[in-house]
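Order of the sequence lines fixes the chain letters, A, B, ..., with proteins taken first and strands second; residue numbering starts at 1 for each chain. Keep in mind that this is a model prediction, so the values were computed, not measured.
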Protein chains: 2
Amino acid sequence: MTEAEIAPRPPTAGEHEAYCAVERQLAILLRRANAFSAGMGRKVHPELDPGAYGLLVRIEQSSPMRSSDLAAYLRVGRATISRQLKGLEELGLISRSPDPEDGRAHLLALTPEGSRRLHDARSAREGQLRTLLAAWPEEDVRLLGRMLERFNMLTEGLNL
Amino acid sequence: MTEAEIAPRPPTAGEHEAYCAVERQLAILLRRANAFSAGMGRKVHPELDPGAYGLLVRIEQSSPMRSSDLAAYLRVGRATISRQLKGLEELGLISRSPDPEDGRAHLLALTPEGSRRLHDARSAREGQLRTLLAAWPEEDVRLLGRMLERFNMLTEGLNL
DNA sequence: ACTACTTGGTTGCCCGAAGCAACGATCAAC
DNA sequence: GTTGATCGTTGCTTCGGGCAACCAAGTAGT
């Protein structure tokens with residue numbers, strides 16, 4: 001506890017353990033990510049596939065936006081986004097209008113129907129999370145949210 | 001802070017906000033999960049695909065184990081596990097020996113080579129995490145690890 | 001002991017997600 | 001105005017994963 005401050009760079013044993021724990025738990029979570037979000041999405045709405053939910057969330061909070069930005073934000077190629085957006089447009093959940101300032105780009109926005117569906121899905125997911133975290137005190141839930149937010153912010157500007 | 005204990009069930013406004021924050025950040029993390037673990041795995045070892053890492057971790061800490069248990073733990077079907085294990089066996093990273101107590105089951109274990117590769121990959125991943133979390137004080141890293149662990153434990157016995 | 005059901009594991013078939021490359025269309029710069 | 005970069009879309013492929021069928025091996029019922 002005393003030598004930690006003296007040596008800022010050498011790989012401390014306790015430091016190693018802390019990173020290793022994060023690495024371990026993150027590996028578990030990421031490995032289960034598919035099954036988890038599928039499980040969440042399945043109960044929310046059969047037709048609104050799990051992947052689409054993440055798109056709608058982002059579109060809502062940053063519309064109007066271009067699909068390239070969405071792709072960069074989610075760390076996937078533009079091709080993937082394009083296909084998923086096509087599906088969402090056919091379902092009438094989003095609209096793609098040409099950007100008046102850039103003839104190449106399209107501006108994305110939620111339709112009223114899309115907005116309604118998103119809010120339904122969100123409250124359903126919140127309900128599932130509520131039952132999952134039922135045993136936690138509210139303060140811990142809040143803390144988990146903050147830690148996840150901080151972690152997500154780290155990967156924001158990164159092209160890893 | 002006073003009324004929370006009195007009313008254990010009504011959906012408090014602050015409570016709602018807390019769950020909503022977790023839901024939001026979790027959605028982001030899960031949506032990026034593919035790209036993230038792919039990014040981690042790519043730099044670790046080109047031939048050891050990202051999904052395999054999670055299997056090796058679990059096999060190491062719980063060997064000898066059966067593939068069904070592995071499937072249940074990772075929330076995927078036995079078919080998926082079977083295929084991935086076949087690949088790992090062909091690479092010489094794991095061994096599947098018949099269970100002496102149950103003629104149907106196979107017992108999984110890491111080979112020395114598999115153990116070596118796993119440790120290499122783990123320290124590489126820890127290194128990446130270290131650069132990612134470089135700005136965090138050690139205590140926060142530890143806290144993140146604990147919160148993730150608690151969250152993962154919630155989904156442990158669950159068949160969601 | 002013979003049959004019937006259950007469980008562990010593998011394989012075939014299919015689907016969805018995602019990357020890569022190529023393309024048309026549109027800016028931007030020189 | 002020609003060249004180069006950028007935005008979006010589409011074909012092709014790969015990979016992960018679910019579903020169902022199957023075999024082998026336990027387990028239970030009679």
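Straight-line distance from the CG atom of A:Leu107 to the P atom of D:dG8: 9 Å, rounded to whole Å. For the pair A:Glu101 CD and D:dT6 P, the computed distance is 19 Å after rounding to whole Å. Counting to the nearest Å, the C1' atom of C:dA18 and the OH atom of A:Tyr73 are 19 Å from each other. Atom pair A:Asp69:CG and D:dT6:C1' shows a separation of 12 Å (rounding to whole Å applied). Here C:dA25 presents its P atom at 19 Å from CG of A:Asp99, a figure rounded to the nearest Å. One can place NE2 of A:His106 at 17 Å from P of C:dG24, the figure rounded to the nearest angstrom. Distance, A:Leu85 CG to C:dA18 P: 12 Å, rounded to whole Å. Rounded to whole Å, the distance from CD1 on A:Ile81 to P on C:dG16 is 17 Å.
Looking at DNA chain D, the stems built from 3 or more consecutive Watson-Crick or G-U wobble pairs, each pair with its key distances under 3.5 Å, are C:1-30 with D:1-30.
Using a 4.0 Å cut-off, some side-chain N or O of A:Ser67 falls inside it from OP1 or OP2 of D:dG8. Residue A:Arg96 places at least one side-chain N or O under 4.0 Å from the OP1 or OP2 atom of D:dT9. Phosphate proximity of C:dG9 to B:Lys86: absent, as no side-chain N or O sits under 4.0 Å from OP1 or OP2.
Interatomic distance, B:Leu85 CG to B:His106 NE2, rounded to the nearest 0.5 Å: 11.0 Å. Note: A:Ile28 CD1 to B:Asn152 CG = 5.0 Å, rounded to the nearest 0.5 Å.
Residue pairs meeting the salt bridge (charged side-chain N to carboxylate O under 4.0 Å, His left out) criterion with at least one member in residues 51-67 of chain A, sequence neighbours excluded: A:Glu60-A:Arg122, A:Arg66-A:Asp69. The salt bridge (charged side-chain N to carboxylate O under 4.0 Å, His left out) analysis of residues 19-39 of chain B, with sequence neighbours excluded, yields the pairs A:Arg125-B:Glu23, A:Glu156-B:Arg32.
Checked against side-chain hydrogen bond (donor to acceptor under 3.5 Å, both in side chains), B:Asp99 has no partners two or more places apart in sequence or in another chain. Taking A:Arg104 as the reference, A:Asp102 meet the side-chain hydrogen bond (donor to acceptor under 3.5 Å, both in side chains) condition, with sequence neighbours excluded.
A salt bridge links B:Arg130 to B:Glu126: one of the charged nitrogens lies within less than 4.0 Å of a carboxylate oxygen.
The backbone N or O of A:Gly92 sits less than 3.5 Å from a side-chain atom of A:Thr111, completing a donor-acceptor pair. Panel note: side chain A:Arg142, backbone B:Gly14; a donor-acceptor pair is recorded below 3.5 Å.
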Q.
For nucleotides 13-25 of chain D, give me one character per nucleotide, 5' to 3': B if any protein heavy atom sits under 4.0 Å from the base, S if the only such contacts are to the sugar-phosphate, - if neither.
A. ---SBBB-----B

